[in-house]
Amino acid sequence: MRIGQSVDIHQLVEGRPLILGGVEIPHEKGLLGHSDADVLVHAIMESIIGALGLGDLGKHFPDTDPQYKGISSMTLLAKTASLMEAAHYRIGNIDATILAERPKMAGHIGQMKKNIAACLKTEESRINIKATRGEKMGFVGHEEGMVALSVCLLEEV
């Protein structure tokens with residue numbers, strides 16, 4: 001078994017869609033980034049890459065590479081799953097948290113879990129996603145950005 005953890009942070013800006021866990025969520029702001037800036041999927045990918053001992057997200061999908069401009073993070077998650085499979089590991093479980101003042105996430109978490117589990121070729125029961133607010137404190141509470149944290153356990157195949 002191997003364990004990995006990660007934190008990802010993106011700024012909220014007007015004029016971008018808000019995509020989390022591969023779900024486009026109606027909101028007046030979206031996350032700024034080179035790709036679709038899916039902060040949740042980025043944290044999950046990097047926790048998997050970390051568990052494999054393969055560096056970080058930027059090493060595999062650099063934001064200086066034009067091929068990743070605007071790319072869906074779900075496409076990058078599929079590439080991360082291929083790295084995991086090539087190393088003969090599978091998901092034991094993932095536990096992730098989204099920190100966002102708004103919008104409410106509860107109604108979207110089920111679809112996020114489905115999307116992520118399908119991409120990683122694992123059961124939904126192995127994926128846990130939860131959300132919490134910033135309680136009006138800091139950049140999350142002031143709605144300047146969002147954070148996601150992820151811990152994953154990989155099992156050798």
Side-chain angles (χ1 to χ4, degrees), residues 1-13 16-25 27 29-100 105 108-132 134 138-140 144-157:
M1 286 193 201
R2 297 183 70 125
I3 191 166
Q5 64 84 36
S6 184
V7 175
D8 197 52
I9 302 168
H10 283 272
Q11 183 180 2
L12 277 164
V13 296
R16 297 254 317 177
L18 177 60
I19 301 170
L20 294 168
V23 176
E24 188 166 341
I25 301 171
H27 194 57
K29 292 182 178 179
L31 295 168
L32 182 63
H34 187 69
S35 67
D36 65 6
D38 187 330
V39 70
L40 173 62
V41 173
H42 290 187
I44 289 170
M45 286 189 297
E46 194 160 66
S47 69
I48 293 167
I49 290 168
L52 293 169
L54 296 176
D56 63 16
L57 202 56
K59 178 180 177 183
H60 296 273
F61 313 112
D63 63 6
T64 54
D65 190 331
Q67 74 175 312
Y68 301 123
K69 178 76 175 156
I71 195 168
S72 167
S73 294
M74 296 305 291
T75 300
L76 300 179
L77 183 60
K79 292 177 184 282
T80 302
S82 294
L83 291 172
M84 178 181 65
E85 291 167 6
H88 306 290
Y89 282 91
R90 67 177 183 179
I91 298 295
N93 75 299
I94 291 172
D95 187 28
T97 306
I98 303 164
L99 286 81
M105 299 292 157
H108 305 286
I109 287 176
Q111 187 61 52
M112 291 177 197
K113 286 178 60 169
K114 282 181 197 220
N115 294 348
I116 291 164
C119 203
L120 294 173
K121 301 175 189 166
T122 193
E123 300 85 21
E124 283 181 52
S125 63
R126 293 178 181 261
I127 310 295
N128 188 57
I129 300 169
K130 51 204 179 291
T132 191
F139 73 89
V140 171
E144 297 169 359
M146 290 185 181
V147 178
L149 304 100
S150 176
V151 175
C152 82
L153 182 68
L154 298 183
E155 299 172 341
E156 200 164 4
V157 179

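We number each residue from 1, following the sequence as shown.
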Spacing of [X] atom [atom1] and [Y] atom [atom2] [to the nearest 0.5 Å]:
X: D65; Y: H34; atom1: CG; atom2: NE2; value: 6.5 Å
X: N93; Y: R126; atom1: CG; atom2: CZ; value: 8.0 Å
X: M45; Y: L120; atom1: CE; atom2: CG; value: 10.0 Å
X: N115; Y: E124; atom1: CG; atom2: CD; value: 9.0 Å
X: I48; Y: L83; atom1: CD1; atom2: CG; value: 9.5 Å
X: H27; Y: R16; atom1: NE2; atom2: CZ; value: 14.0 Å

Min side-chain heavy-atom separation [X]-[Y] under 4.5 Å:
X: M146; Y: L18; result: yes
X: I91; Y: M84; result: yes
X: E85; Y: K121; result: yes
X: I94; Y: T122; result: no
X: I71; Y: L76; result: yes
X: I116; Y: I129; result: yes

Do Q11 side-chain atoms and L32 backbone N/O form a donor-acceptor pair below 3.5 Å?
no
Any donor and acceptor pair, going by atom type alone, linking the side chain of H60 with main-chain N or O of G55 inside 3.5 Å?
no
Give the C-alpha distance, both sets of side-chain angles, the deciding distance and a yes or no for side chain to side chain contact (heavy atoms under 4.5 Å, CB included) between L31 and D38.
CA-CA 7 Å; L31 295 168; D38 187 330; over 6 Å; no
Give the intermediate values and the outcome of side chain to side chain contact (heavy atoms under 4.5 Å, CB included) for residues L20 and H108.
CA-CA 9 Å; L20 294 168; H108 305 286; over 6 Å; no
Between [X] and [Y], what is the shortest heavy-atom contact and its length?
X: A100; Y: M105; value: CB-CE, 3.9 Å
X: E46; Y: S6; value: OE1-OG, 2.8 Å
X: A81; Y: C119; value: CB-O, 3.8 Å

Can you list every ring pair (Phe, Tyr, Trp, His ring centres under 6.0 Å) pair that touches residues 65-100, not counting sequence neighbours?
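Sorted result for residues 65-100: F61-Y68.
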Identify which one of V41, I25, I127 satisfies the side-chain contact (heavy atoms from CB on, under 4.5 Å) criterion when paired with M112.
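Per the side-chain contact (heavy atoms from CB on, under 4.5 Å) rule, the option paired with M112 is I25, out of V41, I25, I127.
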Atom NZ of K130: over 12 foreign heavy atoms under 6.0 Å
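Above 12, so yes.
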Check: residues 147-156 side-chain donor-acceptor pairs under 3.5 Å, at least two apart:
{"residue": "S150", "atom": "OG", "partner": "S47", "partner atom": "OG", "Å": "3.0"}
{"residue": "E155", "atom": "OE1", "partner": "R90", "partner atom": "NE", "Å": "3.0"}
{"residue": "E155", "atom": "OE1", "partner": "R90", "partner atom": "NH2", "Å": "3.0"}

Can you name the residues that form a ring pair (Phe, Tyr, Trp, His ring centres under 6.0 Å) with H10, not counting sequence neighbours?
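Per chain and number, H10 pairs via ring pair (Phe, Tyr, Trp, His ring centres under 6.0 Å) with H42.
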